[in-house]
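Here's the structure, in structure tokens; my notes come after.
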There are 2 protein chains.
Amino acid sequence: MAKRETTKDKILNAAETLFAEHGFEQTSLRQITSEAGVNLASVNYHFGSKKALIQAVMARYLEVFMPALQGQFELLALQPSINSRQVFDCFREPLRQLASVRKHGPTYFLSLLGFAYAEIQGHLRRYIMTHFGEVMQLLQAMMHRANPNLSPVDMFWRLHFVLGTLVFTQVSGPALREIAAADFGESVRADQIIDKLIPFVAGGVDAAMV
Amino acid sequence: MAKRETTKDKILNAAETLFAEHGFEQTSLRQITSEAGVNLASVNYHFGSKKALIQAVMARYLEVFMPALQGQFELLALQPSINSRQVFDCFREPLRQLASVRKHGPTYFLSLLGFAYAEIQGHLRRYIMTHFGEVMQLLQAMMHRANPNLSPVDMFWRLHFVLGTLVFTQVSGPALREIAAADFGESVRADQIIDKLIPFVAGGVDAAMV
DNA sequence: GTATATTTTAAACATTCGTTTTAATTTAGA
DNA sequence: TCTAAATTAAAACGAATGTTTAAAATATAC
């Protein structure tokens with residue numbers, strides 16, 4: 001039967017694509033409703049406000065991604081010894097699974113996360129901490145087991161450096177991929193950047209603190 | 001005699017502070033002219049447009065920073081062997097010298113750079129490449145000498161990861177410093193973050209490519 | 001000192017944005 | 001089928017933005 005796509009879903013899908021490509025603030029409700037083929041007012045009718053729409057778009061992914069990530073962490077926690085590389089590799093499978101949410105789910109999600117952090121820093125941090133605090137604590141615990149010599153405050157900073165790298169890469173990803181393709185003749189798919197990213201951040205986290 | 005501060009300079013100083021604190025797009029011309037105590041229209045009279053004002057603010061720092069950085073690179077190039085850590089340490093002194101431009105020059109500059117990259121990616125990249133291409137080529141040469149085993153394309157990506165880390169750290173710096181101070185009781189001055197950053201990025205660049 | 005050029009000022013302009021309103025239309029329940 | 005609720009539609013609102021205009025004020029040159 002496959003019931004016809006509802007207005008709410010049309011908005012979510014159009015918003016997600018535009019948000020991932022141009023950011024939240026750069027995308028207007030008129031662009032979204034035009035792309036979705038619905039009336040402008042329906043966003044406020046179904047979601048209440050633009051901010052609530054943004055949150056709904058993020059939630060659709062986070063509710064799939066976070067439990068999957070937690071599962072990976074719990075699996076890794078069984079190991080007798082852990083290193084940073086293994087912790088970051090935990091992100092791969094949950095990220096891949098986002099393809100079930102939407103065709104380009106993995107790419108979209110990272111891009112959304114990047115813009116969310118860059119544009120509305122405080123809100124996203126608070127949302128993640130209140131809704132998925134357990135996963136974040138697990139991440140911290142894993143990182144500490146992987147690097148017990150690093151002080152908590154130094155680990156705090158390095159984890160945010162990691163986040164920064166991820167965020168920036170996704171936000172400026174299309175432009176960088178274009179340059180890389182032009183300069184080196186090597187075109188990198190969006191979902192392959194994480195293969196270049198993980199060794200880098202693992203190396204950074206494991207670096208000696210001078 | 002210390003001639004009275006001209007309108008143009010008043011605008012530049014007010015704009016710089018507000019840009020560094022809230023970003024370019026988040027800062028309106030009315031905020032700037034109000035803070036500077038000048039008329040709204042004087043921005044367009046003296047600079048032509050907001051975009052030109054942004055460029056003027058950035059240029060004031062880049063024209064001091066880039067030649068100083070080039071000097072450091074040329075000094076390092078004389079060494080028989082080079083490692084990544086030494087390359088990144090080259091940024092310290094030029095950054096410190098920005099205090100001569102303005103009281104909080106070093107902090108402002110990094111913050112501006114962060115916002116510039118996050119908000120108007122293409123423009124800044126193009127501006128830097130056309131005006132300071134020689135310095136950027138020197139940086140690439142230095143990094144290649146420090147890590148000859150890394151392919152050019154991999155080095156390209158890692159350098160942009162580094163930039164991303166820097167950018168993000170500065171943009172979300174105030175919020176992060178606040179959290180760190182609250183959670184760990186350790187308050188870090190803005191200009192001290194770079195001490196935590198350099199080992200991280202050096203470790204990331206030197207990581208083995210799996 | 002006067003005329004010219006430069007700068008400052010106040011006001012309005014033209015867009016764009018998220019949101020609200022009000023009426024029309026569709027859907028669902030009795 | 002009739003009625004009430006839910007949804008869609010068109011239009012306008014109110015606020016904010018960068019920019020332009022045209023007159024007033026100031027500084028500069030002869």
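Side chains are part of it too, since the values below use all heavy atoms of this structure and drop only hydrogens, waters and symmetry mates. Residue numbering restarts at 1 for every chain, and letters A, B, ... go by the order of the sequence lines.
Checked for salt-bridge contact, A:D89 and A:R85 meet the test: a charged N lies under 4.0 Å from a carboxylate O.
In this structure, A:E5 places its CD atom 16 Å from P of D:dT7, rounding to the nearest Å. Between the C1' atom of D:dA6 and the NZ atom of A:K8 lies a distance of 13 Å, rounded to the nearest Å. One atom, NZ of A:K50, and another, P of D:dA16, lie 16 Å apart when rounded to the nearest Å. Between the NE2 atom of A:H22 and the P atom of C:dC17 there is a distance of 13 Å, given to the nearest Å. The distance from atom CZ of A:R30 to atom C1' of C:dT16 is 7 Å, rounded to the nearest whole Å. A:Q26 places its CD atom 13 Å from the C1' atom of D:dT17, with the value rounded to the nearest Å. For B:K51 and D:dT17, the NZ to C1' distance is 16 Å, given to the nearest whole Å.
A distance-only check finds no donor-acceptor pair linking the side chain of B:R158 to the backbone of A:F200 [under 3.5 Å]. The backbone N or O of B:T107 lies less than 3.5 Å from no partner atom in the side chain of B:S111, so there is not a single donor-acceptor pair.
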Residue pair B:E134, B:Q70: steps toward the side-chain contact (heavy atoms from CB on, under 4.5 Å) verdict
CA-CA 8 Å; B:E134 196 181 346; B:Q70 177 153 0; 3.1 Å; yes

Between B:T6 and B:D9, is the side-chain hydrogen bond (donor to acceptor under 3.5 Å, both in side chains) condition met? List the steps.
CA-CA 5 Å; B:T6 172; B:D9 284 333; 5.4 Å; no

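The listed nucleotides are C:dG18, C:dT8, D:dT19; the one nearest the side chain of B:T7 is C:dT8. Side-chain proximity of B:L29 to the nucleotides C:dG18, C:dT8, D:dT19 is greatest for D:dT19.
Judged as a ring pair (Phe, Tyr, Trp, His ring centres under 6.0 Å), the pairs with a partner in residues 44-64 of chain A (not counting sequence neighbours) are, in order, A:Y61-A:F109.
Residues from residues 38-46 of chain A placing a heavy atom under 4.0 Å of any atom in DNA chain C, listed by number, are A:L40, A:A41, A:N44.
Within the nucleic acid shown, B:T27 comes within 4.0 Å of sugar-phosphate atoms alone, with no base atom in reach, counting heavy atoms only.
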